[in-house]
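No experiment lies behind these values; they were computed from the predicted model shown. The figures here come from the full heavy-atom set of this structure, side chains too, leaving out hydrogens, waters and symmetry mates.
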Amino acid sequence: MTQNFEEIYERIQKAKSKAGRTDKIFFTAVSKTRTADEMREAEKISWVDFFGENRVQEAENKRALYPDSKIKWRLIGHLQNNKARKAAEIFDCIDSVDSIELASRLNRIAGELNKKIPILIEVNTSGEESKSGIAPENFSELLDSVILQENLKLEGLMTVGPLTDDEKKIRKSFADLRNLIENARISTGLELPILSMGMSDDFELAILEGSTMVRIGTLLFGARFYPNKN
Ligand SMILES: *Cc1c(COP(=O)(O)O)cnc(C)c1O
């Protein structure tokens, strides 16, 4: 795993220098389907900033086996309204907020739990129907609602690139997210440091388009074997 990481890290550095960037890029190790033991291994790598999980139940089970984890856990998978409370209890950050209803619900629950929840808004920039995320044309309405929720702390945006080999299409979907965050920074005055885009197959393109957080599973841990789907 350490060697996998070193290769990924080198590719990140190359993409950064190609983009003329020297700023920090956060690394989320996508640990869905991996065991708590594999996660312990990953946490030893000092550049791993976060774990990313896509299912509330799986994360709850693993957190019980791994209560001593020292890095934060992010929910990167779609969140159903009826699992919002559990998610708010288990996760440190929720990256997949994609509706006003979910945001309001999380805000209310955060108030009851007496905490402030860091979140990202997930945008479906690829237009693929199978993907979650708010449609770009509805983004500003959701943004206006989220920034009024006093128990949510908006840290940025997330997207999943389209499933295609067409680099232009992939880059466009990332560039669209970057445009949305740049406009949102201006309209809200918030820092919004996290632009979460780029996975094992497309993280270099995402870095060229300004990603400040990549989410990598397969390249780090190896191929996934399911019960879970992507
Ligand atoms: C599974 C997943 C990833 C990681 O995908 P890999 O191709 O294994 O790197 C990243 N982001 C989200 C939202 C995912 O569901």
Side-chain angles (χ1 to χ4, degrees), residues 4-33 47-54 74-79 93 95-98 120-140 142-143 155-185 192-224 226 228-230:
N4 289 350
F5 185 79
E6 277 167 12
E7 283 166 24
I8 300 163
Y9 188 71
E10 208 164 285
R11 288 172 59 185
I12 290 175
Q13 295 311 318
K14 269 201 190 133
K16 275 178 78 174
S17 74
K18 192 169 167 193
R21 296 177 53 184
T22 53
D23 55 326
K24 178 168 171 65
I25 295 181
F26 292 96
F27 191 94
T28 294
V30 176
S31 48
K32 62 189 185 197
T33 79
W47 294 95
V48 169
D49 299 298
F50 301 99
F51 287 125
E53 289 281 334
N54 69 335
R74 317 186 70 96
L75 177 63
I76 59 172
H78 181 67
L79 178 57
C93 322
D95 294 358
S96 50
V97 174
D98 63 357
L120 304 182
I121 293 176
E122 181 179 5
V123 184
N124 181 352
T125 55
S126 71
E128 288 178 0
E129 247 173 62
S130 60
K131 291 202 160 57
S132 41
I134 185 110
E137 58 270 28
N138 299 326
F139 169 73
S140 71
L142 176 56
L143 176 67
E155 294 192 327
L157 307 186
M158 163 166 104
T159 197
V160 175
L163 198 64
T164 171
D165 293 333
D166 184 340
E167 288 200 357
K168 269 199 198 138
K169 272 198 191 140
I170 299 171
R171 286 188 71 149
K172 167 147 196 325
S173 118
F174 294 151
D176 286 351
L177 195 72
R178 189 192 59 226
N179 286 330
L180 286 179
I181 206 170
E182 282 172 355
N183 291 333
R185 283 174 184 142
L192 306 181
I194 300 185
L195 185 57
S196 176
M197 51 191 202
M199 319 187 347
S200 288
D201 286 338
D202 56 17
F203 70 92
E204 285 142 317
L205 298 176
I207 289 170
L208 292 177
E209 294 297 345
S211 167
T212 63
M213 175 180 288
V214 293
R215 310 179 306 267
I216 297 193
T218 307
L219 277 185
L220 180 63
F221 294 101
R224 264 188 303 278
Y226 283 105
N228 285 353
K229 286 206 311 176
N230 222 13

Here the gap from Leu75 atom CG to Asn54 atom CG, rounded to the nearest 0.5 Å, amounts to 8.0 Å
- Item | Side-chain heavy-atom pair Trp47, Ile12 within 4.5 angstrom cut-off | no
Flag side-chain contact, heavy atom, 4.5 Å: Glu167 against Leu208 = no
Those residues at least two apart in sequence (or on a different chain) that pass side-chain contact (heavy atoms from CB on, under 4.5 Å) with Asp95 are Arg74, Ile76, Cys93, Leu120, Met158
Only one of Thr125, Ile121, Asn124 passes side chain to side chain contact (heavy atoms under 4.5 Å, CB included) with Thr159, and that residue is Thr125
In short, Asp98 meets Leu142 closest at the heavy-atom pair C-CD2, 3.8 Å
Note: Met197 and Ala206 closest approach over all heavy atoms is O-CB, 3.2 Å
When every non-hydrogen atom of Glu53 is compared with those of Ser31, the smallest separation belongs to OE2-OG, 2.7 Å
Does Glu137 CD have over 12 foreign heavy atoms under 6.0 Å away?
yes
Heavy-atom closest pair (Gly161 atom, Lys131 atom, distance to 0.1 Å) is O-CE, 3.3 Å
In short, Thr28 meets Gly52 closest at the heavy-atom pair CG2-N, 3.5 Å
side-chain hydrogen bond (donor to acceptor under 3.5 Å, both in side chains) pairs touching residues 203-216, sequence neighbours excluded, are Arg11-Glu204, Arg171-Glu209, Arg178-Glu209, Ser196-Arg215
| With side chains defined as the heavy atoms from C-beta onward, is the minimum distance between Leu157 and Leu192 less than 4.5 Å? | no
Between Ala29 and Val48, the two heavy atoms sitting closest are CB-CG1, 3.8 Å
Taken to the nearest 0.5 Å, the spacing of Ile216 CD1 from Phe203 CZ works out to 4.5 Å
Q: Can you label the angle between the Phe27 ring and the Phe5 ring as parallel, tilted or perpendicular, going by 30° and 60°?
A: perpendicular
Look at the side chain of Ser96 and the backbone N and O of Glu122, then say whether any donor-acceptor pair between them is shorter than 3.5 Å.
no
NZ (Lys169) and CG (Asp202) are apart, to the nearest 0.5 Å, by 14.5 Å
With Ile25 as partner, the option from Gln13, Lys16, Met213 fulfilling side chain to side chain contact (heavy atoms under 4.5 Å, CB included) is Lys16
Donor-acceptor pair, distance only, cut-off 3.5 Å: does the side chain of Asn179 make one with the backbone of Asp176? no
Non-hydrogen side-chain atoms of Thr33 and Phe221 separated by less than 4.5 Å:
no
(request) Report the C-alpha separation of Asn4 and Leu219 in whole Å, then their side-chain angles, then the decisive distance to 0.1 Å, and conclude whether the side-chain contact (heavy atoms from CB on, under 4.5 Å) test is met. (result) CA-CA 7 Å; Asn4 289 350; Leu219 277 185; over 6 Å; no
Please check if atom CG in Asp23 has more than 12 non-hydrogen atoms from other residues, nucleotides or ligands closer than 6.0 Å. yes
